[in-house]
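To find a chain, count down the sequence lines: A is the first, B the second, and so on, and within it residues start at 1.
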Protein chains: 2
Amino acid sequence: MNAPHSEFLCHARGNCPRLCSGQSAPAALARELERGDLLFRSGDNAGALFVVRSGAVKTCRLGEDGSEQILGFYLPGEIVGFDAITQGRYVADAMALKATQLCRIACQPAASASGDGSLLPERLMTGFGQEVQRLQNLLVLERCSAEQRLARFLLQMADKQARLGRSSRYVSLPMARGDIGRFLHLATETVSRMFTRLAGLGWIRIEGSGVEILDAAALAGSRPQPALRRDRPALPQAA
Amino acid sequence: MNAPHSEFLCHARGNCPRLCSGQSAPAALARELERGDLLFRSGDNAGALFVVRSGAVKTCRLGEDGSEQILGFYLPGEIVGFDAITQGRYVADAMALKATQLCRIACQPAASASGDGSLLPERLMTGFGQEVQRLQNLLVLERCSAEQRLARFLLQMADKQARLGRSSRYVSLPMARGDIGRFLHLATETVSRMFTRLAGLGWIRIEGSGVEILDAAALAGSRPQPALRRDRPALPQAA
DNA sequence: CGGTCTCTTGATCTTGTTCAACAAGTGTGG
DNA sequence: CCACACTTGTTGAACAAGATCAAGAGACCG
């Protein structure tokens with residue numbers, strides 16, 4: 001998470017004037033996919049962003065229980081792959097929904113590009129990528145039971161605080177229960193009940209305006225019900 | 001949406017070496033807020049990003065029904081305001097959860113920064129900002145009833161297709177019902193039921209692998225139940 | 001034409017919301 | 001210093017949206 005961030009300088013390549021911002025323009029396509037083909041896979045080294053020229057692409061993440069979580073559908077003109085900017089590797093899978101043509105935009109990791117004092121690439125891109133990933137994580141979190149949502153939230157806060165050098169055992173919560181509810185999309189009452197439940201399980205201890213984490217592993221593994229039946233991952237036919 | 005995008009070049013200002021990436025370092029703070037103070041408001045002209053130095057900030061959007069949707073909590077070291085990059089104005093509200101110090105990073109809209117052929121700022125930043133907003137919208141969407149989620153999804157797809165010059169009346173859906181479900185976080189059966197319901201209301205007509213939109217206004221206004229009681233917006237005491 | 005998917009519809013169950021009441025904490029003023 | 005108001009957090013009971021289980025209807029394809 002706090003790993004040395006790589007920076008990117010991106011150059012269009014092939015016949016893609018201005019990142020293919022228009023629709024037409026014929027040739028020099030970088031990738032052609034059939035329905036079900038993978039454009040990239042979570043974990044792949046990210047050398048590029050992709051602009052959809054024709055067809056359609058979906059991006060998704062696999063929940064740890066095997067359930068598929070779709071993050072977006074991309075139609076022609078839209079750009080896929082922003083999640084990779086921060087770490088230089090994709091975080092989601094991307095798959096063609098039908099025959100699809102894409103334009104590849106090479107992104108070479110490059111140290112601090114514009115050396116004119118402007119710090120556009122320096123940390124900004126990293127922050128941007130983190131924001132995208134944070135939102136993606138939030139969407140994934142949204143797909144869990146109330147108990148799991150709160151458990152993850154607490155771990156997340158603990159992690160944030162650990163990064164600041166504070167103890168990750170005692171998590172201070174500057175926000176009200178209602179705020180947590182509006183963040184996790186739970187009624188205030190449910191948030192309260194889940195705090196009580198986690199404390200009852202012996203996983204946390206409520207302590208002033210924060211909580212003490214007693215069993216982080218249990219919190220992380222909390223998975224009472226998948227909340228949504230895991231269908232078979234994806235497109236059945238096709239490679 | 002498709003408005004001429006402004007580009008940004010960002011320079012640190014004040015005592016913020018490397019975007020305040022560390023924690024300490026004393027002086028020259030740009031903003032100091034008390035609990036409940038607004039850092040910026042949705043619609044404000046976005047002249048800057050902010051790095052949290054101490055304290056805590058929440059960002060939120062107001063649903064059209066007045067309910068508050070929290071998009072994130074930001075602790076020291078984190079950057080607030082990325083959602084504004086694309087349009088030059090903030091899309092969310094940001095409020096201090098307690099006494100908070102922030103470091104301001106001025107972002108002057110600047111045309112196509114690095115003129116060396118690299119098109120980093122050219123469309124990339126815009127795309128990045130759009131991705132952030134897309135994810136934020138997705139999170140907001142997540143907070144609606146099944147009917148509303150599907151209705152919005154269809155309008156979204158219609159909008160995308162309209163931008164491609166295709167008809168926005170007939171929406172082709174290249175993905176399976178199950179895919180829509182995994183995107184909207186609904187069981188396949190529920191997606192199917194909602195299609196049937198919307199068709200029964202006369203708002204859409206199912207047509208091959210897509211739908212014809214008969215009453216876009218009704219779809220947009222679809223709001224059977226708020227799905228979550230709207231609490232009073234936010235922090236009660238404090239300015 | 002049979003097999004395999006996808007979509008649709010019905011019945012039942014679970015989770016989390018909603019309504020309601022109460023406890024605990026904080027601050028103010030008499 | 002304590003009573004009172006006000007806010008935040010906790011707990012109980014009833015309800016509802018949507019998931020799950022189950023089964024059947026089309027569609028597509030070899």
- Arg177(B) CZ to dA27(D) C1': how many Å, rounded? 13 Å

- Proximity to the side chain of Ala187(A) - top-ranked nucleotide from dT17(C), dC7(C), dG18(D): dT17(C)

Give me, pair by pair, the N or O atoms of the protein and of nucleotides 12-16 of chain D that are less than 3.5 Å apart, along with how far apart they are.
from: dG12(D); atom 1: N7; to: Arg193(A); atom 2: NH1; distance (Å): 3.1
from: dG12(D); atom 1: O6; to: Arg193(A); atom 2: NH2; distance (Å): 3.3

- Query: Does a nitrogen or oxygen in the side chain of Thr196(B) sit under 4.0 Å from OP1 or OP2 of dT9(C)?
  - Reply: yes

- Task: Starting at atom CZ of Arg35(A), determine the distance to atom C1' of dC29(D), rounded to an integer number of angstrom.
- Result: 13 Å

- Query: Please give, in whole Å, the distance from dG10(C) P to Met194(B) CE?
  - Reply: 13 Å

- Message: Tell me whether the side-chain N/O atoms of Thr188(A) come closer than 4.0 Å to OP1 or OP2 in dT8(D).
- Response: no

- Mind calculating the distance between NE2 (His185(B)) and C1' (dT20(D)) to the nearest angstrom? 13 Å

- Item | Test side-chain contact (heavy atoms from CB on, under 4.5 Å) applied to Gln136(A) and Leu139(A), Leu138(A), Val132(A), the passing residue | Val132(A)

- Distance, rounded to the nearest Å, where Leu186(B) contributes CG and dT15(C) contributes C1': 15 Å

- Task: Report the C-alpha distance between Asp44(A) and Arg41(A) in whole Å, list the side-chain angles of each, state the deciding distance to 0.1 Å, and finish with yes or no for salt bridge (charged side-chain N to carboxylate O under 4.0 Å, His left out).
- Result: CA-CA 6 Å; Asp44(A) 284 357; Arg41(A) 208 181 248 293; 5.7 Å; no

- Item | Global bending angle along the helix from dC1(C)-dG30(D) to dG30(C)-dC1(D), which compares the axes of five pairs at either end, to 10 degrees | 30°

- Tell me which nucleotide among dA19(D), dG16(C), dG9(D) gets nearest to the side chain of Ser192(A). dG9(D)

- Message: Rounding to an integer number of Å, can you tell me how far Leu198(A) CG sits from dT10(D) P?
- Response: 12 Å

- How long is the span from the NZ atom in Lys160(B) to the CZ atom in Phe73(A), to the nearest 0.5 Å? 8.5 Å

- State plainly whether the residues Arg61(A) and Asp93(A) are in salt-bridge range, i.e. N to O under 4.0 Å. no

- Message: Check Glu142(B) with Arg143(A), please: is the shortest side-chain N to carboxylate O separation under 4.0 Å?
- Response: yes

- Rounded to the Å, how far apart are Glu142(B) CD and dG16(C) C1'? 15 Å

- Side-chain contact, heavy-atom cut-off 4.5 Å: Leu154(B) with Phe195(B)? yes

- Flag side-chain contact, heavy atom, 4.5 Å: Trp203(B) against Arg197(B): no

- Nearest to the side chain of Ala176(B), which nucleotide is it out of dT10(D), dC7(C), dT18(C)? dC7(C)

- Does Glu189(A) pair with Arg177(A) as a salt bridge, N-O distance under 4.0 Å? no

- Please report the closest heavy-atom contact between Ile79(B) and Tyr74(B), naming both atoms and the distance. O-CE2, 3.4 Å

- Item | d(CG, Leu184(A); P, dG16(C)) in whole Å | 12 Å

